[in-house]
Protein chains: 2
Amino acid sequence: MRPTVHDIAAAAGVSLATVDRVLNQRPGVRHVTREKVETAIRELGYVRDVAAANLAKGRTYPLVFILPASDNSFMHGLNAEIRQAVLRSSAERTDIRTIEVPAFDPAALVSVLEGLSREKPCGIALVATDAPEVRAAVDRLVRERFPIVTLVSDLTGSLRHHYAGVDNIAAGRTAARLLGRFLGSRKGEIAVLAGSMLVRDHRERLEGFAAVMAEEFPALAILPVLEGRDDPEVAHMLVADALSRHASIIGVYSLGAGNRGLIRALKEKAVDRVLTVIAHELTAHTRAALIDNTIDAILNQDAGHEVRSAIRVLKAKADGLAVIEAQERIRLDIFLKDNLP
Amino acid sequence: MRPTVHDIAAAAGVSLATVDRVLNQRPGVRHVTREKVETAIRELGYVRDVAAANLAKGRTYPLVFILPASDNSFMHGLNAEIRQAVLRSSAERTDIRTIEVPAFDPAALVSVLEGLSREKPCGIALVATDAPEVRAAVDRLVRERFPIVTLVSDLTGSLRHHYAGVDNIAAGRTAARLLGRFLGSRKGEIAVLAGSMLVRDHRERLEGFAAVMAEEFPALAILPVLEGRDDPEVAHMLVADALSRHASIIGVYSLGAGNRGLIRALKEKAVDRVLTVIAHELTAHTRAALIDNTIDAILNQDAGHEVRSAIRVLKAKADGLAVIEAQERIRLDIFLKDNLP
DNA sequence: GATTTTTTGATTTACGTACATCAAAATTGG
DNA sequence: CCAATTTTGATGTACGTAAATCAAAAAATC
């Protein structure tokens, strides 16, 4: 049986009220007494029963999710997962609010973050835009003791407590190796379609991709990156154009969103040639393209896992509890047509 | 605010005691009264606060894990994850007991299962041996209202509530496509190393593998399956022998355990040829082999996820609650040397 | 040593549920 | 219609913690 507050009170030779004062850092306890209690807590290995405490406090966890207002499948999916989490709110004692900010706009993100100081949520999850002022705003909030996790896109070098997203450098490297191995000994050019080189996750994917390509597959040359702004129309135009101009393209790596346009371009322009294509994010479109062999592999991050993980971590941090690291590691899913969920 | 028992009592125009009798299916409630209460519950959308209920009951969840006594890295890992779960027992209110049974021995498994009727755990997780008598024993326990999940290896056609493991047919198919694509246009023979064709998960992997090979990669011929009994020594002998006799082996698929022996054989016998190798289960040995290019890809199931998922599902079933399906789907991890955790 | 201040103890209520007891009411059987 | 039985209500205690109140004790100040 795990020890209760009564056990500590008895062990420390103090009253229940004093134990309560120590546990909830209320004033009016002499230093020596506080130490006696803390010793008892340590020796008995007491851990507060969070369920009972939450019941007594009537506690809820007000959480804020800050997302970019991007109109692509992945962000829609992320939003949907947050709505699912909202449906579970009463059971999980959460109270989730989402705030949309203009995409790629550090100033807007910073102003939202600054507004949160007054709102006092017990945790914040944000899709980070990688900029010094954002980093500074996050660090400020962390110093004010707000639990903060970055979602999908990290903010390296900041004080955020946790990152709920995939390792994008590893994702890029993995894409490169898959593409290289699938192409075998063929020689040719590789087109890379990105959203924007201003977003950290895209930059990192490209970095990992280029590194492995250079190290291991020198017969494959990477063409200048096409920046499709995660927009299907732009992506379509850029890819169609690239395919027309370079007859020697034998592989494509799409590391951002807007794959609808990519797929259309491939079907129009590449019927006569054998292209190996790797794309990110499993959506209705990419799934169909994987099945009909337009795409050869899809790398994916599971938005549901990211959202649930962010919530678990924020709650744990708010309670000062440890997280199960292995459980919170967001994995890179690799889908071939055979292991689709 | 979510409704409480008091709210239902008021809404149904009955006392708290009656609500309690209905909720906990205690006797002494007239049929019409019971219906009134149930209507109120439905209309207010009442859901019992599990945390408060468990607090009041002092409830713990006695769970039993039944594992085969196999001496391989995967089972050791699974055991380790269960021990980790035991460490979290007090926080999660679980009380976990593991029982080891001889591997591949349906009779032993059945007798353990039958013993559980008396022990009355609130949930059972087992690594199923695929046999009719096991199926019958599981079905019997399900009918006695024990929540049961199969772990790692499923028992299709039984009444088990849930399967916490990967789709092994999909795993085999994925292995085949990876191997086929990595080998490109090369022609040759493929060696398959399994543990035993008596185990369902191995049979399923082979089935998926053979199907895709036949459909999509006719230039590759599968040699008769080597059954290494998940034993490194046996595996070493079988693979070394096969490599000596068949000069045309260009690929290997190891779908079971005992990869230590496989790796040794590859290093001894295949230094002079280019082999593409796909293996299951990420262990210290397979990880090292992936990094030094002896193995090209590793398919993995995360034992930690399987154990945590089994526990979550068993607890939910014991409480009659729904599970988050997407969260409990055990994914097939594909590791290249670039995305190792 | 008396007074003020700080620290501690004792006790109570609450959270939402479970469970037990006893009395009161309603229903049933004869 | 009375008695026996079933059903319902009222009430209290418990789980482990939070939070508040008020009195008592101890320590610090003059």
- Query: Hey, is CD on B/Glu144 packed in by over 12 heavy atoms from elsewhere, all under 6.0 Å?
  - Reply: yes
- Task: Could you pick out which residue, B/Ala52 or B/Arg34, lies toward the 5' side of DNA chain D when each is mapped onto its nearest nucleotide?
- Result: B/Arg34
- Task: Tell me, with the steps shown, if A/His305 and B/Arg331 meet side chain to side chain donor-acceptor pair (under 3.5 Å).
- Result: CA-CA 12 Å; A/His305 285 206; B/Arg331 295 177 293 176; 3.2 Å; yes
- What is the minimum heavy-atom distance between A/Leu116 and A/Phe146, and which atoms define it? O-CZ, 4.0 Å
- In whole angstroms, the gap separating P of C/dA18 from CD of B/Gln25 amounts to 11 Å
- Query: What nucleotide among C/dT17, D/dT7, C/dC19 has an atom nearest to a side-chain atom of B/Lys57?
  - Reply: C/dC19
- Message: With a 3.5 Å distance limit and no angle check, can you tell me whether B/Thr18 reaches the backbone of B/Val14 through a side-chain donor-acceptor pair?
- Response: no
- Item | Between C/dT17 (C1') and B/Arg93 (CZ): distance, integer Å | 12 Å
- Task: Could you walk me through whether A/Thr156 and A/Arg135 pass the side chain to side chain donor-acceptor pair (under 3.5 Å) test, one step at a time?
- Result: CA-CA 8 Å; A/Thr156 343; A/Arg135 214 176 311 268; 5.3 Å; no
- Nearest-angstrom distance from the residue atom CZ of A/Arg26 to P of D/dA18: 8 Å
- Of all the nucleotides listed (D/dT17, C/dG16, C/dA18), which has the minimum atom distance to the side chain of B/Asn24? C/dA18
- Let me know the distance between NZ of A/Lys36 and C1' of C/dT7, rounded to the nearest Å. 11 Å
- Query: Between D/dC15 atom C1' and B/Asp49 atom CG, what is the distance in whole Å?
  - Reply: 13 Å
- Message: Heavy atoms only, 4.0 Å cut-off, all strands: where does A/Gly28 land among base, sugar-phosphate and nothing?
- Response: base
- Query: In whole angstrom, what separates B/Arg30's CZ from D/dT5's C1'?
  - Reply: 13 Å
- Query: Looking at DNA chain D, which of residues 4-17 of chain B put a heavy atom within less than 4.0 Å of it?
  - Reply: B/Gly13, B/Val14, B/Ser15, B/Ala17
- Message: Let's see if you can work this out: which of D/dT17, C/dG16, D/dG9 has an atom nearest to the side-chain heavy atoms of B/Leu55?
- Response: C/dG16
- Task: Answer with base, sugar-phosphate or nothing: what part of the nucleic acid does A/Arg21 contact at a heavy-atom distance below 4.0 Å?
- Result: base
- Task: For B/Asp20, answer base if it contacts any base atom (sugar-phosphate contacts may also be present), sugar-phosphate if it contacts only those atoms, and nothing otherwise; contact means non-hydrogen atoms under 4.0 Å.
- Result: base
- Query: OP1 or OP2 of C/dC15 less than 4.0 angstrom from a side-chain nitrogen or oxygen of A/Arg59, does that happen here?
  - Reply: no
- Task: Locate the shortest heavy-atom distance separating A/Asn79 from A/Glu100; write the atom from each residue and the value.
- Result: ND2-OE2, 3.4 Å
- Task: To the nearest Å, give me how far apart CG (A/Asn54) and C1' (D/dA18) are.
- Result: 11 Å
- Going by the salt bridge (Lys or Arg N to Asp or Glu O under 4.0 Å) test, name the single residue among A/Arg59, A/Arg48, A/Lys57 that passes it with A/Asp319. A/Arg59
- Message: What is the separation between atom CG on A/Leu23 and atom P on D/dA19, rounded to the nearest whole Å?
- Response: 11 Å
